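Report on one structure; see the data block that follows.
None of these values were measured; they are calculated from a predicted model.
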Amino acid sequence: MESKHVHQQIAAMRQSFFDEEVLDEKFSQLEQLEGKDNPNFVEEVFTMYFRDSTAFLETIEQAMKTIPIDSIKVDNILHQLKGSSASVGANKVLKEVNKTRQVLGKGNLEGTKAGILELRKEYDSFKAKLEPYFQV
């Protein structure tokens, strides 16, 4: 009985990620790659994503503190974060990355700083929602 309740909780949590557009279809595609030979594939992918993305964000935040700001470096790292986020289906993070890259591309450094703050907030929210899902 308890097992059924846990499975229902997991299913409801997973569905909420799609309902809130936190995740997109890429997540489902990753789930399809999971099998008996690699039962923790999705969790492993997200562990790497969170490790790499945290490092990307820290590097971006440090680069934005330098004078002059190396906007090419920042854009390159944002591009890497974009690819990583797209590959796991991190929909809202991806949208924030795209917004920030657009502002940066226009040379608006103050807007870019604000965008990076929003990106960090969205990323932290995403991570806080997903980590418990993998611990259940």
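Residue Pro132 comes nearest to Ala128 through the heavy atom pair CD-O, 3.0 Å, listed as atom of the first residue, atom of the second, then distance. Across all non-hydrogen atoms, the minimal contact from Ala63 to Val74 is CB-CG2, 3.7 Å. Of all the heavy atoms in Glu34 and Asn40, the pair that sits closest is OE2-C, 3.6 Å. In terms of heavy-atom proximity, Val93 sits nearest to Ser85 at CG1-OG, 3.4 Å. Closest approach of Val88 and Leu23 over heavy atoms only: O-CD2, 4.1 Å.
Atom CZ of residue Phe18 and atom CD of residue Glu25 lie 8.5 Å apart, to the nearest 0.5 angstrom. Here Asp19 contributes atom CG and Arg14 contributes atom CZ; the two are 10.5 Å apart, rounded to the nearest 0.5 Å. We find the NE2-CZ distance between His79 and Phe56 to be 10.5 Å, quoted to the nearest 0.5 Å. Between the NZ atom in Lys113 and the CG atom in Asn108 there is a gap of 10.5 Å [rounded to 0.5 Å]. For the atom pair CE of Met13 and CD of Gln9, the computed distance is 7.0 Å after rounding to the nearest 0.5 Å. Here Lys95 contributes atom NZ and Asp24 contributes atom CG; the two are 9.0 Å apart, rounded to the nearest 0.5 Å.
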Under the salt bridge (Lys or Arg N to Asp or Glu O under 4.0 Å) criterion, do Glu20 and Lys129 qualify, and how do the steps go?
CA-CA 11 Å; Glu20 297 171 18; Lys129 288 177 183 178; 3.2 Å; yes

Does Gln80 form a side-chain hydrogen bond (donor to acceptor under 3.5 Å, both in side chains) with Asn76? I'd like the steps, not just the answer.
CA-CA 6 Å; Gln80 290 176 316; Asn76 286 339; over 6 Å; no

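Considering only heavy atoms from C-beta on, Leu78 stays 4.5 Å or farther from Asn98 through its side chain. Side-chain contact between Phe134 and Val42 is present, with at least one heavy-atom pair separated by less than 4.5 Å. The closest side-chain heavy-atom distance from Val45 to Leu33 is not below 4.5 Å.
Side-chain atoms of Asn91 come within 3.5 Å of backbone atoms of Glu21 as a donor-acceptor pair (strictly under, hydrogens ignored). In this structure a side-chain-to-backbone donor-acceptor pair under 3.5 Å is missing from Ser84 to Leu81.
With sequence neighbours left out, the side chain to side chain contact (heavy atoms under 4.5 Å, CB included) criterion links Asn38 to Phe41, Glu44. With sequence neighbours left out, Leu117 forms a side chain to side chain contact (heavy atoms under 4.5 Å, CB included) with no residue at all. Partners of Phe17 according to the ring pair (Phe, Tyr, Trp, His ring centres under 6.0 Å) rule, which considers only residues two or more places apart in sequence or in another chain, are Tyr133. Annotation: salt bridge (charged side-chain N to carboxylate O under 4.0 Å, His left out) contacts of Glu43 (sequence neighbours excluded): none.
No more than 12 heavy atoms of other residues, nucleotides or ligands sit less than 6.0 Å from atom CD1 of Ile72.
Among pairs with a residue in residues 64-84, those fulfilling salt bridge (Lys or Arg N to Asp or Glu O under 4.0 Å) read Asp75-Arg101, at least two apart in sequence or across chains. Sorted by first then second residue, the side chain to side chain donor-acceptor pair (under 3.5 Å) pairs that include residues 117-128, not counting sequence neighbours, are Thr54-Tyr123, Glu61-Arg120, Glu118-Lys121, Arg120-Asp124.
Tracing side-chain contacts under 4.5 Å through hydrophobic residues (I, L, V, M, F, W, Y), one never reaches Ile77 starting from Met48; they form parts of separate clusters. Placement of Ile116 and Leu94 in two distinct hydrophobic clusters is found when ILVMFWY residues are connected by side-chain heavy-atom separations under 4.5 Å, directly or transitively.
Residue Thr112 forms a side chain to side chain contact (heavy atoms under 4.5 Å, CB included) with just one option from Ile69, Val103, Leu119, and that option is Val103.
Ring planes of Phe46 and Phe126: tilted class, angle from 30 to 60°.
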